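First the proteins, then the strands, lettered A, B, ... as listed; each starts at 1. Computed from a predicted structure; not experimentally measured. The basis for the numbers below is simple: all heavy atoms, side chains too, and nothing from hydrogens, waters or symmetry mates.
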Amino acid sequence: MQYWLMKTEPSEFSIDDLAKKKLEMWDGVRNYQVRNMMRDDIKIGDLVFIYHSNAGADTGIVGVVKIAKEAYPDPTQFDPKSAHPDPKSDPANPNWLCVDVEFVKKFKRIVTLHELKADLSLTDFRLVKRGNRLSVMPVTKKEFEYISKLALS
DNA sequence: GCCAACGTTGGC
DNA sequence: GCCAACGTTGGC
């Protein structure tokens with residue numbers, strides 16, 4: 001069992017949208033590092049923090065989902081009307097992958113970015129490291145459990 | 001809206 | 001293979 005964090009802009013797609021839909025295709029990833037993580041490391045049943053970015057004071061970790069389907073070709077890369085078409089991608093050997101995620105829970109409160117940055121036990125947490133722009137990143141078991149506990153406090 | 005920090009692209 | 005230009009992310 002591994003743990004991850006996925007970023008989303010709540011104005012585009014939020015934890016509340018996920019709570020309503022239950023299951024969602026996590027498409028649109030156009031970064032090779034993230035694609036490789038999806039291809040090689042993200043397994044069904046893995047637990048994932050959902051992080052709301054660009055959300056002002058509400059920026060932070062808002063809940064948990066789990067991986068419902070492992071990496072498969074992202075159909076939006078072949079759709080010229082999608083937000084991120086990739087005309088160079090060959091359907092026989094697709095450039096980009098996506099996974100399906102299933103809603104698990106929304107936290108009672110947001111564990112804010114501000115709070116995560118100020119927490120001395122999280123100085124090694126990828127999310128708060130300078131210059132980190134990955135939209136999907138690994139989270140250690142320790143970090144996952146610690147932050148889950150913070151959300152209850 | 002600004003801009004720092006990246007990642008990608010393409011000329012050479 | 002180098003690197004300048006450009007595009008994107010995301011905090012502020």
Residues from residues 82-93 of chain A lying under 4.0 Å of DNA chain C - heavy atoms: none
For L152(A), the rest of its hydrophobic cluster, which grows through side-chain links under 4.5 angstrom: none
Set of residues satisfying side chain to side chain contact (heavy atoms under 4.5 Å, CB included) with respect to D40(A), sequence neighbours excluded: N36(A)
Residue pairs passing the ring-ring contact (aromatic ring centres under 6.0 Å, His included) test where at least one lies in residues 100-153 of chain A, sequence neighbours excluded: Y3(A)-F144(A), F49(A)-F144(A)
Touch class at under 4.0 angstrom, heavy-atom based, for K129(A) against every strand present: nothing
Salt bridge (charged side-chain N to carboxylate O under 4.0 Å, His left out) involving R30(A) - partner list, sequence neighbours excluded: D74(A)
DNA chain B contacts made by residues 25-37 of chain A, counting heavy atoms under 4.0 Å: Y32(A), Q33(A)
Please tabulate, for the side chains in residues 18-27 of chain A, all donor-acceptor contacts under 3.5 angstrom to protein atoms that are two or more places apart in sequence or on a different chain.
residue: K21(A); atom: NZ; partner: E24(A); partner atom: OE1; Å: 2.8
residue: K22(A); atom: NZ; partner: A19(A); partner atom: O; Å: 3.3

Side chain proximity check, I67(A) to K43(A), heavy atoms < 4.5 angstrom: no
Interface limits on DNA chain C, where chain A has a heavy atom under 4.0 Å of a nucleotide atom: dG7(C) to dC12(C)
For E143(A), side chain to side chain donor-acceptor pair (under 3.5 Å) partners two or more places apart: T140(A)
Under the side chain to side chain donor-acceptor pair (under 3.5 Å) test, residues paired with N95(A) that sit two or more places apart: D86(A)
With P94(A) via side chain to side chain contact (heavy atoms under 4.5 Å, CB included) - residues at least two apart: P73(A), Q77(A), F78(A), S89(A)
Qualifying side-chain hydrogen bond (donor to acceptor under 3.5 Å, both in side chains) pairs with a residue from residues 47-62 of chain A, counting only residues at least two apart or across chains: E9(A)-N54(A)
